[in-house]
Structure formats: C-alpha cells, structure tokens
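See structure below.
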Amino acid sequence: MPPLQFWKPGTAGPGSTLDREAETEGSLLSGPLNNNLNASLSLASQRTRLPIYKHREKLLYCVEKYGCVIVVGQTGCGKSTQLPQYLKEANWASENHVIACTQPRRVAATTVAARVAEEVGSVLGDEVGYSIRFEDLSSPTRTRIKYLTDGMLFRETMVDPLLSRYSVIMIDEAHERSAYTDLLLGLLKKMRRKRPELRIIISSATIDAEDFLEYFNSNADGDDRSQDDAIILSLEGRTFPVQTAYLETPSPNYVEAAVQAVFDIHMKEPKGDILVFLTGREEIEECCQEIADRSLTLPKMAPRILPLPLHAGLPTEDQQVVFEPAGRDTRKVIVATNIAEASVTIEGIVYVVDCGHVKIKTYNPRTGMDVLTVTPCSVASANQRSGRAGRTQPGKSYRLFPQSAITSGLMPPTTPPELVRSDISLFVLQLKALGVDNVLRFDWMDSPPSEMMIRAMEFLYSLKAIDDSGRLTKPLGTSMAEVPVDPMMAAILLNSHNFKCGEEILTIAAMTSVQNVFVFGEGAAGAMGEIERRKFTAEEGDHLTLLNAYNAFVRYGRQSPKWCASHKLNYKALLRAVSIRKQLGKYLERFNIPVESCEGDAKRLRKCLVTGYFKNAARMLPDGTYRSVRENALLHVHPSSVLFTRTPSTNWVIYHEVIETTKSFIRDLTVIEQDWLVESAPHYYTFRGGKFKPE
DNA sequence: CCACTGTTT
C-alpha cells in the first residue's frame with residue numbers, strides 16, 4: 001500500500017489555531033512552566049505566573065456586573081482550577097456561601113478538587129472539597145469551593161430548589177452538553193429570576209460560546225430586560241501548536257487507512273507515541289491485529305511498534321497498560337474509542353490519527369428503541385481529538401477525511417446534546433418533582449422533540465407515576481423521582497413489597513445499573529468467560545443470573561478481587577453494585593417499604609419484574625426470533641444473554657432494553673408467563689389501544 | 001442464530 005497523501009494547510013490554515021492544547025489543566029506540578037521555576041517559589045506565587053492570571057480582574061469585574069459569564073478557553077488554560085480560587089479571594093465565598101464547580105465526570109471532580117486543595121493549602125474535604133455519588137468529601141460548614149458532578153448538583157436542587165448555599169455556580173465542560181448539564185442550565189436560568197445575586201459561569205469551547213450567550217440573554221417569558229445578562233470572556237492558555245493534515249481523498253475503509261497512517265508516521269516522523277481514534281471494540285481489535293502483523297515486515301534496524309487497545313469494555317488492568325512506558329526504541333500506538341477524547345488522558349502523545357467518525361446512541365421515540373450507529377463526528381470532536389497530540393510538546397494530527405467534510409457540512413459543528421437523543425422519561429419525572437409541571441414549556445437550551453416528551457408522559461402514566469392531568473402521583477410518582485434508577489426499575493423497587501421480594505429486587509436493580517459484569521475476552525479468554533458464567537446461569541434468564549452472580553460474589557467470593565478474576569467477573573462493577581444496593585436500600589427504608597426475601601420463590605420475583613418491564617415484552621416464534629408484544633417488531637436475543645442459546649419454557653419474555661446495531665437486540669431477559677402481562681398491566685394494553693390480544 | 005461509543009444519580 002502506498003503512503004497516504006496528506007494535505008497540510010499552512011500556519012493560517014484551518015485547525016491551526018483551534019487545535020491547540022496544553023498539558024494537564026492548570027497544572028502547577030508538572031509541565032514546562034514548572035521547569036524554569038525556582039523551587040523556593042510558593043504555590044501562591046506560581047499561580048500568579050499563569051497566563052490566565054492576567055484575566056483575573058476582568059473576570060471578577062464581569063462576574064460582578066453580569067449574571068452569567070461564558071468563559072471560553074482551551075482545555076489546559078486553568079479555568080477549572082483557577083477561576084473558583086479567584087472568586088474565593090474576591091470574597092464570593094464569604095458569609096457561609098459556597099462556590100460550586102460542576103464536572104460531567106467523577107474522576108474530574110475528585111482530581112481537580114485535590115489539586116486546588118493543594119494550591120489553597122487545605123486538607124481535601126475542608127476548605128476545598130468534592131461531592132460525587134458514594135463519596136462526599138466536603139464539610140457543610142467549612143467548605144468554600146466545592147467540585148461536584150453535574151448529576152450531584154441536580155440532585156441538590158431536589159432538596160434546595162434555589163441552591164441557596166451557593167453564591168457562584170460554574171458549569172465546567174458545558175460544551176459537552178451532558179443531560180444534567182443541560183437540565184442545570186435551564187434551572188439556573190430560572191433561579192436567577194428569584195435570586196438575582198446568584199452568579200453563573202459557563203465554561204465552554206469556542207465553537208458554541210455564542211449559543212450559550214444567546215440562551216442566557218433570551219427571555220422566554222418576554223420580561224423586559226434593559227441590559228444583557230450574559231457576556232463572553234475569552235481566555236488564553238499555555239498551549240502547544242498541533243499541525244493538522246487532511247486526507248485528500250477519503251478511504252472507503254478507515255481502519256485500513258489508519259494502519260497505513262500509523263506506518264507512514266512510524267517510518268518518517270521522529271519519536272513520540274501515536275493515538276488512533278476509531279469507533280468501537282471490533283475496529284480496534286482489527287486495527288491492532290493488522291499493526292502487529294505488519295510490524296513483522298519492518299526492517300530489522302527500525303524501531304519497534306507496539307499496538308495497544310483502549311476501550312471501556314476492557315478490564316481495568318488492561319486499560320492501565322496504555323500508561324506504562326514502552327521499551328527502548330519502541331513506539332506506542334494506542335488505538336482507542338472516544339474514551340481517549342475527554343475521559344482518559346495519556347501523556348506523551350505526539351501524533352493523533354482520527355478516523356473522523358464516532359459511535360453514537362440515539363433514541364427513536366417512534367419505535368422506542370435505542371439505535372447505536374457510526375456517524376461522522378463533530379468538528380468540535382475532531383478538534384478535541386487533535387488537541388490530544390499537543391499536551392507535552394508540539395504535535396501533529398492526521399485526519400483521515402478531507403477538509404471539505406468540514407466545510408460542506410458533512411460533519412456537524414457540534415454533537416447533538418444528550419437530551420435530544422435520549423429517552424427522557426427519567427428527566428421528565430425529575431423535572432416534575434422540581435415543580436416543572438409543563439415540561440413542554442420548560443426553557444430548554446435545546447428542546448427534546450415533542451414526540452419524545454409525549455412518549456415519556458405516556459410511559460410515566462402507564463407506570464402510574466403521573467395522573468391523567470400530568471401531575472406526579474403520591475406517593476408512587478414522587479418516590480420514583482427520587483430513587484436513583486430509571487423509572488422502570490424504580491417502579492419495580494417500589495412495588496416489591498407486594499411480592500415480598502425486596503431483598504432480591506434490590507440486588508437486581510443494582511446489577512442492572514452497572515455495566516460489563518461478566519468479563520468478555522477474545523478467543524480462549526472469551527470461551528473461559530462463557531464457561532464461568534454457566535455456573536451462575538439461571539433457566540429463568542439474565543436477571544436471576546445476575547442475582548446469582550451477586551450472591552456468589554458476596555457469600556462465596558467474600559467480595560475479593562481474586563475470586564472475581566478466577567470466575568471472569570468484573571470486580572469493580574460488582575463492588576459498585578454493592579454500594580448501589582446499599583444506597584437503594586436506604587431509599588426503601590425512608591419510604592417505609594418493607595424489604596423481605598422471596599426465599600427462592602422465583603415466580604414472585606419474575607411477577608414483580610413485570611410490574612415495571614411490562615412494556616418490554618416479547619414472544620418467541622418457532623424460528624427462534626422474537627416479536628415485540630407492543631408493535632410486533634422483529635427482535636433478536638443479544639448474544640450476551642443466557643437465553644441466546646436457550647428456548648424460554650413459555651416463549652414469553654420481558655427485557656431491560658432493546659438496542660439496534662446490526663439487528664434489534666434485546667438485552668437482560670427474563671422468562672415470564674403470558675398471563676402476567678394482562679394481570680399486572682391491564683391499563684397499559686387497553687391504554688395502548690387494545691393491541692395486545694391474549695391467545 | 002454471534003456482540004457493547006461514552007457518561008451519571
């Protein structure tokens with residue numbers, strides 16, 4: 001295969017100004033800035049040397065004058081670590097007020113908090129703290145700067161609807177538009193009307209700053225506002241330039257093109273590791289295999305090349321490998337999914353190869369199915385990926401698509417927000433609990449399609465969470481809004497006392513909340529996993545299999561990582577399930593719902609599952625395929641299900657979810673009796689227009 | 001009959 005022809009725009013070309021990024025955000029502990037510093041300099045004086053410090057007064061002025069400041073600056077300029085400190089120093093955290101800073105991810109909340117605590121000279125959890133699910137390292141009286149996940153702050157609005165403890169709320173990484181970030185934006189905008197002293201800081205990427213500005217300056221209620229409430233503030237940061245090259249003619253096979261690009265770089269460019277972005281596990285395995293095969297043909301004297309896969313499905317030990325230094329004269333090639341775009345940062349990357357695509361999940365309200373498809377990624381995404389090449393030195397980004405893909409609009413400027421492509425039943429329920437009765441009129445930054453809202457309302461009505469006027473039912477609806485699981489599972493939990501099986505349902509709810517419980521592997525390792533899982537397999541299906549695995553982990557495995565490894569179970573996932581189960585148990589206790597065991601009576605358990613899962617019912621045909629009860633849609637059992645190789649004794653099943661990839665796959669199945677559907681949800685099937693006719 | 005992008009309460 002001939003070397004790929006890349007076109008490299010000049011310094012003024014596209015990407016050359018956007019695609020810049022510095023090392024660890026606001027880092028004072030590493031990076032080039034630190035090298036020249038006198039070791040005796042205090043952390044405080046180091047802080048004043050950060051480029052962002054020049055903007056300190058301007059920022060404080062804007063926060064004083066405007067309700068909402070949209071801060072634009074590249075990752076790495078120190079927004080997350082410095083801005084909250086500037087605000088504290090300017091007395092925004094006096095009189096027991098707290099400065100909050102939200103993050104879309106747990107690790108970010110904890111690591112940024114730890115760094116800022118060090119800079120402030122505080123013990124983590126004292127003046128500077130964090131709060132994420134299962135871990136609250138903050139003091140209600142002493143903490144002045146608090147980092148938390150956006151989901152956590154949203155939860156706080158349920159207890160304190162005006163978030164009165166906070167004087168300033170900074171929404172970091174707002175451009176990612178996570179569901180809870182979007183919900184918070186809507187709530188904060190509303191809050192400011194009742195709390196004009198509240199200040200909002202939105203941290204965003206350049207590309208969508210104007211959208212935030214327009215949103216916060218617009219007035220849905222037509223109030224007369226004499227002056228703009230929001231303003232954009234641009235910050236500069238310490239960055240290394242990343243040169244961007246485009247492939248002139250797109251390859252029909254980007255995996256192959258990626259392999260070729262990797263070898264072109266390896267043969268022509270100086271040392272430095274390569275990060276390749278592909279869309280999924282299968283592509284990554286194929287790419288790594290091909291790199292390994294072709295590396296055998298390298299000249300004897302050439303440096304070695306080491307392909308390393310990275311995706312969320314890998315066990316933690318395997319993920320760690322990408323951080324280990326490769327041997328002498330060996331170039332690491334990390335072949336990754338989007339996990340390396342924002343969640344995982346690998347130092348030492350100098351070259352990025354970007355396939356220009358991404359796998360994205362989109363909910364189809366018409367079919368009620370999630371679709372997982374490969375599509376062109378956004379320009380924002382491509383820029384973020386390129387930036388990964390410039391963390392420690394100037395880098396190069398090789399894009400496996402032509403520049404016209406950007407200019408022609410083939411690639412959207414930004415990724416659609418999570419809220420407009422998700423099943424929003426849970427969010428509608430939670431908004432109603434916050435007093436937003438008319439969700440259609442909620443001031444969404446981007447409104448979910450009305451079809452999704454209608455679908456969500458119908459579904460919540462069928463679960464008896466809302467009444468026919470759309471209000472939350474009491475106590476079922478209000479309780480469902482509080483429990484941290486999806487509405488289906490919340491209904492099952494809250495109905496469990498009627499079937500005297502709360503103990504088991506708590507476990508099943510916890511286990512369906514975590515992913516990748518059973519470790520999957522390639523080839524022989526995969527076969528071992530299959531054999532191990534048979535030990536837990538229940539004839540009744542996946543929910544009881546999950547229950548068995550959990551009980552074995554607690555009883556025989558004594559929650560040990562070694563036991564998990566030998567049974568091909570994901571230790572971290574199971575440990576998380578233990579925490580979730582405990583938390584859910586506390587909710588049931590607070591709601592005064594008795595928790596009993598069904599003492600091995602699986603029938604009661606399965607009947608209880610039907611009280612929430614009834615809309616997800618399917619029937620097996622003689623040819624082994626399934627049809628959904630609701631729309632008679634063709635469904636296939638996912639190969640990860642224990643029912644993939646089995647026939648359900650009754651031919652009837654309920655399932656946790658359906659996801660469309662190559663086919664429509666149903667996952668997490670349980671065998672049921674046909675009668676239980678009408679028995680447990682007659683309202684639903686008559687409500688749906690009597691489509692369901694028992695045979 | 002053969003498969004899971006990534007987050008989070």
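Both backbone and side-chain heavy atoms feed into the values below; hydrogens, waters and symmetry mates do not. We name chains A, B, ... by the order of the sequence lines, and we start the count at 1 in each one.
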Is the closest basic N to carboxylate O distance between A/Arg177 and A/Asp446 below 4.0 Å? yes
Checking all strands, does [X] fall into the base, sugar-phosphate, or nothing category for heavy-atom contacts under 4.0 angstrom?
{"X": "A/Thr645", "value": "base"}
{"X": "A/Phe154", "value": "nothing"}
{"X": "A/His311", "value": "sugar-phosphate"}
{"X": "A/Glu341", "value": "nothing"}
{"X": "A/Gln583", "value": "nothing"}
{"X": "A/Leu372", "value": "base"}
{"X": "A/Gly280", "value": "sugar-phosphate"}
{"X": "A/Arg105", "value": "sugar-phosphate"}
{"X": "A/Ser178", "value": "nothing"}

Test the A/Arg385-A/Phe277 pair against the cation-pi criterion, namely NZ or CZ under 6.0 angstrom from the six-membered ring centroid and within 45° of the ring axis. yes
Rounded off to whole Å, could you give me the [atom1]-to-[atom2] distance for the [X] and [N] pair?
{"X": "A/Leu419", "N": "B/dT7", "atom1": "CG", "atom2": "P", "value": "18 Å"}
{"X": "A/Asp486", "N": "B/dT9", "atom1": "CG", "atom2": "P", "value": "15 Å"}
{"X": "A/Asp150", "N": "B/dT9", "atom1": "CG", "atom2": "C1'", "value": "10 Å"}
{"X": "A/Tyr130", "N": "B/dT8", "atom1": "OH", "atom2": "P", "value": "14 Å"}
{"X": "A/Asp136", "N": "B/dT9", "atom1": "CG", "atom2": "C1'", "value": "14 Å"}
{"X": "A/Gln384", "N": "B/dG6", "atom1": "CD", "atom2": "C1'", "value": "13 Å"}
{"X": "A/Phe134", "N": "B/dT8", "atom1": "CZ", "atom2": "C1'", "value": "11 Å"}
{"X": "A/Arg281", "N": "B/dT5", "atom1": "CZ", "atom2": "P", "value": "8 Å"}

What nucleotide among [options] has an atom nearest to a side-chain atom of [X]?
{"X": "A/Gln515", "options": "B/dT8, B/dG6, B/dT9", "value": "B/dT8"}
{"X": "A/Lys361", "options": "B/dT7, B/dT9, B/dT5", "value": "B/dT5"}
{"X": "A/Ile132", "options": "B/dT9, B/dT7, B/dT5", "value": "B/dT9"}
{"X": "A/Pro639", "options": "B/dA3, B/dT9, B/dT8", "value": "B/dA3"}
{"X": "A/Lys359", "options": "B/dG6, B/dT9, B/dT5", "value": "B/dT5"}
{"X": "A/Phe644", "options": "B/dA3, B/dG6, B/dC2", "value": "B/dC2"}

DNA chain B nearest-nucleotide lookup for A/Ser131 and A/Leu310: closer to the 5′ end is A/Leu310
Nearest-nucleotide comparison on DNA chain B, the residue closer to the 5′ end among A/Arg155 and A/Thr661: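 With A/Arg155 and A/Thr661 compared, the 5'-side residue is A/Thr661.
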A/Glu156 CD to A/Tyr166 OH distance, which is reported to the nearest 0.5 Å: 3.5 Å
In this structure, CG of A/Asp370 is separated from CG of A/Asp423 (nearest 0.5 Å) by 7.5 Å
With respect to the phosphate group of B/dC2, does any side-chain polar atom (N or O) of A/Lys663 fall under 4.0 Å of OP1 or OP2?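 True: A/Lys663 side-chain N/O within range (under 4.0 Å) of B/dC2 OP1/OP2.
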Ignoring backbone atoms, establish whether A/Ser640 has a side-chain N or O less than 4.0 Å from OP1 or OP2 of B/dA3. no
Using the rule given for side chain to side chain contact (heavy atoms under 4.5 Å, CB included), can you reason through A/Glu283 versus A/Lys359, listing the C-alpha separation, both sets of side-chain angles and the distance that settles it, and then say yes or no? CA-CA 11 Å; A/Glu283 284 174 11; A/Lys359 219 175 244 188; 5.9 Å; no
Verify the ring-centre separation between A/Phe644 and A/His638: is it less than 6.0 angstrom?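 No.
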Residue among A/Gln103, A/Arg105, A/Gln384 satisfying side chain to side chain donor-acceptor pair (under 3.5 Å) with A/Glu176: A/Arg105
